[in-house]
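Order of the sequence lines fixes the chain letters, A, B, ..., with proteins taken first and strands second; residue numbering starts at 1 for each chain.
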There are 2 protein chains.
Amino acid sequence: MDLQEAKYKFIQEWGVLGSSWGINRAMAQIHALLMLAPESKTTDEVMEELKISRGNANMNMRALIDWGLVFKEYKPGERKEYFYAEKDLWNVMKQIAKERRKREIVPIRDVLAEVSEAELGNTAEGKEFKKVTKDIDAIISKFDGFIDIAAKSDQNWFLKVLSKLIK
Amino acid sequence: MDLQEAKYKFIQEWGVLGSSWGINRAMAQIHALLMLAPESKTTDEVMEELKISRGNANMNMRALIDWGLVFKEYKPGERKEYFYAEKDLWNVMKQIAKERRKREIVPIRDVLAEVSEAELGNTAEGKEFKKVTKDIDAIISKFDGFIDIAAKSDQNWFLKVLSKLIK
DNA sequence: TTATAGTTTCAAAACTTTTTGAAAGTAAAA
DNA sequence: TTTTACTTTCAAAAAGTTTTGAAACTATAA
């Protein structure tokens with residue numbers, strides 16, 4: 001296997017992985033391509049290498065910038081915009097965790113807080129509802145706290161923690 | 001807010017959450033409905049409460065059984081099948097982690113192992129590729145190990161670990 | 001100012017996923 | 001055996017998502 005083939009394989013698989021995480025294929029593939037690139041790339045290079053349209057490339061690059069995973073760069077004397085990716089996977093994961101927290105954990109916790117105020121009555125159904133939602137809230141809030149701490153920590157802390165757990 | 005409203009809200013939000021985790025809306029909603037139910041439910045009850053078709057209900061219930069999140073039950077003297085959900089969120093999470101590990105972590109690790117064998121040459125691109133993929137593999141394998149341990153542990157262990165980290 | 005080189009937008013097309021519902025299948029009851 | 005009560009399947013329809021490409025926009029250069 002040569003570099004081109006390996007690169008292609010990795011980009012494809014990163015795209016598949018993205019899809020099952022609610023990130024669209026093009027977005028994940030652009031991210032993979034930029035992570036692997038030693039230099040920043042232009043929209044045209046991305047279009048060419050991934051065989052996607054200008055609109056698609058532009059939209060998804062903007063989404064990646066929005067997620068804080070890709071950055072723009074201007075080169076002196078050049079009119080084109082260049083793009084490069086955050087390569088430190090720890091930073092990538094922190095960024096993703098932060099975004100997903102905002103998009104997923106916050107809304108479900110809001111709903112859990114709302115329903116915890118509801119007048120549920122004393123039926124079996126009401127009791128079960130209270131019990132299940134309280135349980136869920138307990139675990140989700142622990143997770144939430146964990147993400148909060150992790151997002152403020154550096155990779156060494158995290159790796160140390162994981163190693164300790166695993167050993 | 002009364003029970004019906006609270007229940008409806010929670011089910012809706014669980015559906016939304018599911019979608020961003022690659023689990024389809026109906027599947028997540030059925031799961032929510034069954035988690036909240038003090039008693040097991042029939043296909044007809046699920047169809048009625050969620051306003052979905054028989055085929056949809058049947059397919060997604062089978063998928064949930066496949067994921068190990070829902071179980072069938074036969075009541076004596078009854079011909080209908082009853083369904084109930086795993087309610088302990090810790091078990092739910094372990095089950096989901098196991099499934100996703102199989103579907104996502106294993107394939108990406110396979111690809112990483114494959115490309116690590118590639119003849120990449122000594123170009124900047126080759127070196128960058130090696131560096132980035134090695135980094136990714138290091139973090140993913142730590143995660144993988146963590147999931148493995150977590151899946152064998154009970155909720156108390158996990159909560160204790162999290163608490164220690166967070167405090 | 002006008003031309004040029006680039007970026008952004010968005011409606012329509014292509015594609016993917018989910019849902020429906022009716023028909024086929026299964027097994028207990030009559 | 002036939003009927004009845006249920007479950008399963010799956011092709012087609014609906015819904016949702018992504019992608020395209022051309023037109024509109026922006027900003028620099030001539």
Side-chain angles (χ1 to χ4, degrees), chain A residues 11-12 14-34 40-67 70-84 103-104, chain B residues 11-34 40-67 69-84 99-100 103-104:
Chain A
I11 291 173
Q12 289 312 309
W14 205 250
V16 172
L17 193 60
S19 314
S20 53
W21 280 80
I23 285 151
N24 85 50
R25 210 182 74 223
M27 186 167 156
Q29 289 188 345
I30 294 171
H31 180 238
L33 180 68
L34 294 178
S40 53
K41 286 192 182 292
T42 62
T43 302
D44 288 82
E45 289 172 316
V46 170
M47 286 166 62
E48 164 60 24
E49 291 203 63
L50 300 178
K51 305 268 180 276
I52 59 174
S53 71
R54 187 171 300 284
N56 198 2
N58 184 272
M59 275 184 141
N60 283 300
M61 252 148 21
R62 285 149 67 51
L64 283 164
I65 289 172
D66 230 56
W67 277 69
V70 163
F71 310 95
K72 260 189 201 178
E73 183 185 31
Y74 295 97
K75 296 205 175 179
E78 291 227 47
R79 224 147 128 187
K80 281 204 188 80
E81 294 177 339
Y82 284 79
F83 300 88
Y84 63 97
R103 290 167 201 226
E104 292 156 29
Chain B
I11 290 173
Q12 289 312 308
E13 193 58 33
W14 205 249
V16 172
L17 193 61
S19 314
S20 53
W21 280 78
I23 286 151
N24 87 49
R25 210 182 75 225
M27 187 167 156
Q29 288 187 347
I30 294 170
H31 180 237
L33 181 68
L34 292 179
S40 52
K41 286 191 183 291
T42 62
T43 302
D44 288 83
E45 287 171 316
V46 170
M47 288 167 61
E48 164 61 25
E49 291 201 62
L50 300 178
K51 306 268 178 277
I52 60 175
S53 71
R54 186 171 300 282
N56 199 3
N58 183 273
M59 275 184 141
N60 283 300
M61 251 148 22
R62 283 148 67 53
L64 283 164
I65 289 172
D66 230 55
W67 277 70
L69 295 174
V70 162
F71 310 94
K72 260 188 201 179
E73 184 184 32
Y74 296 97
K75 297 206 175 178
E78 290 227 45
R79 226 147 126 184
K80 279 203 189 81
E81 295 176 338
Y82 285 78
F83 299 87
Y84 63 97
E99 281 294 323
R100 299 196 71 131
R103 290 168 202 225
E104 292 157 30

Between [atom2] of [N] and [atom1] of [X], the distance in whole Å:
X: B:R54; N: C:dT26; atom1: CZ; atom2: C1'; result: 15 Å
X: A:Y82; N: C:dA5; atom1: OH; atom2: P; result: 15 Å
X: B:D44; N: D:dT8; atom1: CG; atom2: P; result: 12 Å
X: B:E78; N: C:dA29; atom1: CD; atom2: P; result: 12 Å
X: B:M47; N: D:dC6; atom1: CE; atom2: C1'; result: 12 Å
X: A:K51; N: C:dC15; atom1: NZ; atom2: C1'; result: 20 Å
X: A:E81; N: D:dT26; atom1: CD; atom2: P; result: 14 Å
X: B:I52; N: C:dT20; atom1: CD1; atom2: P; result: 7 Å

With respect to the phosphate group of [N], does any side-chain polar atom (N or O) of [X] fall under 4.0 Å of OP1 or OP2?
X: B:K80; N: D:dT4; answer: no
X: A:N58; N: C:dT8; answer: yes
X: B:K72; N: D:dT8; answer: yes
X: B:R62; N: D:dT7; answer: no
X: B:N56; N: C:dT18; answer: no

Which nucleotide in the set [options] lies at the smallest distance from any side-chain heavy atom of [X]?
X: B:A26; options: D:dT7, C:dT19, D:dG21; answer: C:dT19
X: A:N60; options: C:dA5, C:dT19, D:dT19; answer: D:dT19
X: A:T43; options: D:dC6, C:dT20, C:dT7; answer: C:dT7

ask   = So what does B:N24 hit on the nucleic acid, given a heavy-atom distance under 4.0 Å: a base, only sugar-phosphate, or nothing?
value =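 Counting heavy atoms under 4.0 Å across all strands, the contact made by B:N24 is with sugar-phosphate only.
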
| Any donor-acceptor N or O pair under 3.5 Å, side chains A:E73, A:Y84 | no

Heavy-atom nearest pair, B:A28 first then B:G15, reads CB-CA, 3.9 Å

Checklist line | B:R25 atom CZ, over 12 foreign heavy atoms within 6.0 Å | finding: no

So does B:D44 pair up with B:R54, basic N to acidic O under 4.0 Å? yes

With DNA chain D as reference, determine whether A:M59 or A:R79 sits nearer its 5' end, using the nearest nucleotide of each.
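This one resolves to A:M59.
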
Report task. Taking A:R62 for its side chain and A:A57 for its backbone only, find out whether a donor-acceptor pair lies under 3.5 Å. Result ->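 Flag not set: sc A:R62 to bb A:A57 has no pair under 3.5 Å.
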
(request) Using heavy atoms to find the nearest nucleotide of DNA chain C for A:R25 and A:F83 separately, return the residue whose nucleotide is more 5′. (result)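 Closer to the 5' end of DNA chain C: A:F83.
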
